[in-house]
Protein chains: 2
Amino acid sequence: MKDLAKKLGANIRAKRKEKGLAQDKFAELADLDRSYVGRIERGETNITVDKLYILTQVLGCHARDLLP
Amino acid sequence: MKDLAKKLGANIRAKRKEKGLAQDKFAELADLDRSYVGRIERGETNITVDKLYILTQVLGCHARDLLP
DNA sequence: TTAAAAAGAGGATTATAAACCGTGGCTTTA
DNA sequence: TAAAGCCACGGTTTATAATCCTCTTTTTAA
């Protein structure tokens, strides 16, 4: 359950860092609140599929690259 | 946006039929409400990642097989 | 060691996913 | 001619995703 969100968040964070993006720049590009992106990366929330897609678009990757 | 949910729903339905499962049996196995599974398949709701995983487990496939 | 940048943390509110109750319609089979 | 299987669909309620805001802590660089 929470494990899934944690792993997904870690993958998102890794991809973001790979891109050299700061959390707030990332949030801005995804048109999401920075504190919310923080929660996602920490695995504190269980995101919807459409948000996942928005993040993949900003990260320039596919959902399958982020899903555990 | 809604397109994503529609395609995802269609993929879920196709997989379910492939397995020869009725909608309400599928819902029961996934421990989800029958009417809610109908809405998912019709693309009327934007599911969370953890629900997606529950569905993949019942369908015996991976999330990447369902995501457009 | 200090200032600035980056990330953590949490409260309050809003939007919506998900649960729970149902009805009706269509099709198949007993 | 039901009786059962299968699905669309509606209304209401509850849980939680998502927004917006502020303040604190950690990290980085000068």
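Being a predicted model, the structure only gives us computed values, none of them experimental. Per chain, numbering begins at 1; letters A, B, ... match sequence-line order. As a basis for the values below, the full set of heavy atoms in this structure was taken, side chains included, without hydrogen atoms, waters or symmetry mates.
Within residues 17-26 of chain B, no residue is approached by DNA chain C to less than 4.0 Å at the level of any non-hydrogen atom.
Listed nucleotides: D:dA17, C:dA7, D:dC7. Nearest to the side chain of A:Arg16: C:dA7. For A:Arg42, the side-chain atoms get nearest to C:dA9 when compared with the rest of C:dA17, D:dC9, C:dA9.
Remark: side-chain polar atoms of B:Asp24 are not paired, donor with acceptor, to backbone N or O of B:Arg34 under 3.5 angstrom. Between the side chain of A:Arg39 and the main chain of A:Glu44, no donor-acceptor pair closer than 3.5 Å is present.
Rounded to an integer number of Å, the gap from CD of A:Glu41 to C1' of C:dA9 is 15 Å. We find that CZ of B:Arg13 is positioned 11 Å from C1' of D:dC6, with the value rounded to whole Å. Rounded to whole angstrom, the span from the CD1 atom of A:Ile12 across to the P atom of C:dA7 amounts to 14 Å. If you take CG of B:Leu8 and P of C:dA17, they are 13 Å apart, rounded to a whole angstrom. Rounding to whole angstrom units, NZ of residue A:Lys51 and P of C:dT16 are separated by 9 Å. At whole-Å resolution of the value, CD in B:Glu44 and C1' in C:dA17 are 13 Å apart. Distance CD1 (B:Ile47) to C1' (C:dA19): 15 Å, rounded to an integer number of Å. As rounded to whole Å, 11 Å separates atom C1' of C:dA17 from atom CG of A:Asp50.
For the atom pair CG of B:Leu32 and CD1 of B:Ile40, the computed distance is 6.0 Å after rounding to the nearest 0.5 Å. Between the NZ atom of A:Lys17 and the CD1 atom of A:Ile12 there is a distance of 14.0 Å, given to the nearest 0.5 Å. In this structure, the separation between CG on A:Asp31 and NZ on A:Lys51 is 9.0 Å, given to the nearest 0.5 Å.
The two atoms that bring A:Gln23 and A:Arg16 nearest to each other are N-NH1, 3.3 Å, heavy atoms only. Minimum interatomic distance between A:Ala30 and A:Leu55 (heavy atoms only, all atoms of both residues): CB-CD2, 4.1 Å. Across B:Lys6 and B:Arg42, no two heavy atoms sit closer than the pair CE-O, 3.9 Å.
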Identify all side-chain donor-acceptor contacts of residues 56-68 of chain A below 3.5 Å with residues at least two apart in sequence or on another chain.
unit_1  : atom_1 : unit_2  : atom_2 : d
A:Thr56 : OG1    : A:Tyr53 : O      : 2.7
A:Asp65 : OD2    : A:His62 : N      : 2.9

Under 4.0 Å protein heavy-atom contacts per nucleotide of nucleotides 21-30 of chain D, with B for base, S for backbone only and - for none: B---------

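Close to C:dA17, at under 4.0 Å from its OP1 or OP2, lies no side-chain N or O of A:Thr48.
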